[in-house]
Amino acid sequence: MERADLLFYNIGQLLTMDNGSDGPVKGKEMQNLPLIENAAVAVKDGKVLKVGKQAELMDIDADEKIDCKGCLVSPGLVEPHTHLVFGGSREHEMALKQQGVPYLEILKKGGGILSTVKATRDTSFEELVDKAMFHIDRMMSYGITTMEAKSGYGLDYDTEMKQMQVVKHVKKLTRMDIVSTFLGAHAIPEEFKDNPEAFLDEMIHMLPEIKEKDLAEFVDIFCETGVFSVEQSRAYLEKAKKAGFKVKIHADEIDPLGGAELAADVGAITGDHLVGASDEGIKRLAEEGVIAVLLPGTSFYLGKDKHARARKMIESGVAVALSTDFNPGSSVTENLQMIMSLAALNLKMTPEEIWHAVTVNAAYAINRGDSAGKIAPGRHADMVVWNAPNYLYIPYHYGVNHVQKVYKAGEKVYEKAEILRKSYTAAASGK
Ligand SMILES: N=CN[C@@H](CCC(=O)O)C(=O)O
Ligand SMILES: [Zn+2]
């Protein structure tokens with residue numbers, strides 16, 4: 001008899017996300033959801049041993065059998081765009097936004113990103129580690145098992161290095177898989193406000209050391225009005241590629257500058273935000289196979305009524321991924337399930353497309369397509385057992401956490417706590 005360490009059984013719906021082929025799932029293909037009903041999954045040595053109909057797996061002898069009670073089971077969610085490491089917080093900006101002060105105006109006056117830069121420069125390594133761990137744990141509780149983390153709140157050598165060293169350090173403290181991105185070009189610091197080119201040169205000079213110390217896999221830039229122009233971004237990313245990095249772009253987030261076209265031109269793995277992406281830009285993303293990382297929580301939180309054109313992107317053959325954009329200014333949430341609801345409501349994505357966007361496509365967006373985002377034999381058993389009867393339910397019931405249990409490489413890393421009802425149920429029954 002075959003032996004396993006774990007057997008997940010009585011799974012009502014199992015989203016394997018395994019369509020038998022490699023690469024991100026593009027365009028209309030995102031509608032075809034790889035799903036098995038009445039399923040089971042066997043796990044051995046942290047890896048998936050067998051996946052199939054329950055009847056085919058019940059003769060496997062397992063040390064631990066996990067009754068999924070007819071619920072939904074999916075791969076661990078993948079979060080492809082976060083600004084994880086920062087000092088302080090910006091709750092005071094909420095009132096400014098309510099008074100109608102635009103996001104880029106707050107930045108121009110030295111607030112926004114620049115106020116977090118000041119706080120991050122003033123925060124110790126140890127405090128940043130604790131703070132990052134707090135947010136990582138919360139993301140894990142929402143079902144995320146693989147994520148990306150950007151620097152970008154230092155804007156000087158010491159603090160950018162500190163942020164990336166924090167990420168390197170927290171990787172040793174958590175079961176979360178974390179992919180690091182250098183976003184030194186996130187804003188123009190006060191010291192360089194009249195000479196952005198010199199600032200970009202400073203950031204470029206850091207690249208060999210970042211590479212040598214293995215502190216980041218990706219380089220990213222904020223291409224936006226009042227931040228870095230398309231031409232500055234192009235030159236910067238070309239140099240980053242020469243230094244051996246994969247590249248990403250904060251593109252067309254607020255103003256439509258041609259960031260999507262730039263992402264296609266430079267062969268970026270992803271273009272992120274893309275709220276203002278042009279028709280031509282979307283066409284080019286599809287042609288060049290650039291993954292669109294959409295962040296509907298940011299449009300929601302900034303009070304915008306303009307949203308990324310997900311339907312147009314999918315109809316044009318683009319692979320779409322979704323993310324929280326977790327950061328202290330434009331999207332303050334670790335809840336990727338909430339983003340799934342916003343993608344349904346504001347981006348008009350279907351539930352089938354949304355599940356692709358938070359698993360397999362998000363994994364490819366951070367170069368983890370080979371290891372995350374699918375439940376398939378030989379892969380790490382990163383799995384979520386949901387308190388939900390089916391996959392439609394998660395975007396439908398919004399704003400709350402539906403996770404029952406999270407497993408990372410076959411190890412349980414989170415289980416929902418029970419409400420302590422004993423005293424009042426006893427009182428109600430007169431005992
Ligand atoms: N737009 C640039 N960066 C972040 C916001 C960072 C911040 O406001 O602190 C974003 O992706 O939205
Ligand atoms: Zn961002």
Side-chain angles (χ1 to χ4, degrees), residues 22-26 78-85 146-152 160-161 163-165 167-168 171 176-186 200 203-223 228 230 232-253 259-274 277 281 284-295 313 318-323 325 357-373:
D22 291 335
V25 181
K26 296 177 182 167
V78 181
E79 164 53 85
H81 180 138
T82 83
H83 301 256
L84 174 71
V85 183
T146 301
M147 65 180 286
E148 186 243 23
K150 300 177 195 296
S151 68
E160 289 293 323
M161 282 294 179
Q163 279 192 278
M164 289 182 286
Q165 293 286 6
V167 172
K168 194 162 187 174
K171 283 188 196 178
M176 181 79 81
D177 272 327
I178 309 178
V179 175
S180 178
T181 295
F182 174 56
L183 178 60
H186 193 193
L200 289 176
M203 296 297 106
I204 287 292
H205 282 133
M206 290 175 65
L207 293 180
E209 187 179 347
I210 294 170
K211 188 91 211 157
E212 190 196 306
K213 295 187 172 159
D214 195 21
L215 288 174
E217 261 178 67
F218 284 90
V219 168
D220 193 348
I221 188 164
F222 188 16
C223 177
F228 300 107
V230 169
Q232 286 167 334
S233 302
R234 185 190 305 276
Y236 182 79
L237 293 173
E238 289 296 352
K239 287 178 194 155
K241 278 199 310 182
K242 277 211 183 84
F245 293 89
K246 295 178 201 60
V247 299
K248 295 179 162 287
I249 313 179
H250 279 67
D252 299 326
E253 174 178 354
E261 290 88 333
L262 173 65
D265 286 351
V266 299
I269 304 294
T270 65
D272 299 45
H273 289 286
L274 300 169
R284 300 281 324 283
L285 293 177
E287 282 167 2
E288 300 302 325
V290 179
I291 299 171
V293 177
L294 305 185
L295 308 134
M313 292 177 196
V318 176
V320 172
L322 286 163
S323 156
D325 190 18
V358 294
T359 55
V360 53
N361 284 2
Y364 277 101
I366 53 174
N367 197 32
R368 289 297 179 277
D370 292 344
S371 56

Go through the structure and list residues passing salt bridge (Lys or Arg N to Asp or Glu O under 4.0 Å) with Arg368, not counting sequence neighbours.
-> Glu217
How many angstroms lie between CD1 in Ile178 and CG in Leu84, if you round to the nearest 0.5 Å?
-> 6.5 Å
To the nearest 0.5 Å, tell me how far Lys26 NZ sits from Tyr364 OH.
-> 11.0 Å
Given 3.5 Å as the limit, does a donor-acceptor pair link the side chain of [X] with the main chain of [Y], or not?
X	Y	value
Lys168	Lys213	yes
Asp325	Leu295	no
Lys150	Phe182	no
Asp252	Ala260	yes

Nearest heavy atoms of [X] and [Y], plus distance in Å:
X	Y	result
Ile291	Ala365	CD1-N, 3.7 Å
Gly373	Thr359	O-CB, 3.5 Å
Val318	Ala292	CG1-CB, 3.8 Å
Ala264	Leu285	CB-N, 4.3 Å
Val320	Asn361	O-ND2, 3.0 Å
Ile249	Gly259	CD1-O, 4.4 Å

Inspect the contact between Glu238 and Lys242 and indicate whether a charged nitrogen and a carboxylate oxygen are less than 4.0 angstrom apart.
-> no
Sidechain N-carboxylate O distance under 4.0 Å for Asp177, Lys171 = no
Side-chain heavy atoms of [X] within contact of [Y], under 4.5 Å:
X	Y	result
Met164	Ile210	yes
Val78	Val358	no
Asn367	Val179	no
Leu215	Ser180	no
Thr146	Glu79	no
Phe222	Asp272	no

Check each of Gln163, His186, Glu160, Gln165 against Ser151 using the side-chain hydrogen bond (donor to acceptor under 3.5 Å, both in side chains) test, and report the only one that passes.
-> Glu160
In Thr181, Thr270, Asp220, the residue satisfying side-chain hydrogen bond (donor to acceptor under 3.5 Å, both in side chains) with Lys248 is Thr270
Test Val290 against Ile269 for side chain to side chain contact (heavy atoms under 4.5 Å, CB included), laying out the working first.
-> CA-CA 5 Å; Val290 179; Ile269 304 294; over 6 Å; no
Decide yes or no on side chain to side chain contact (heavy atoms under 4.5 Å, CB included) for Arg234 and Asp265, but give the supporting numbers first.
-> CA-CA 9 Å; Arg234 185 190 305 276; Asp265 286 351; 3.0 Å; yes
Please work out which of the three classes, parallel, tilted or perpendicular, describes the rings of His250 and His81, given edges at 30° and 60°.
-> perpendicular
Passes side chain to side chain contact (heavy atoms under 4.5 Å, CB included), Leu274 versus Met313? Steps please.
-> CA-CA 10 Å; Leu274 300 169; Met313 292 177 196; 3.9 Å; yes
Between Glu148 and Thr82, is any side-chain donor less than 3.5 angstrom from a side-chain acceptor?
-> no
Results of side chain to side chain contact (heavy atoms under 4.5 Å, CB included) for Leu200 - residues two or more places apart only = Ala185, Ile221, Phe228, Gln232, Tyr236
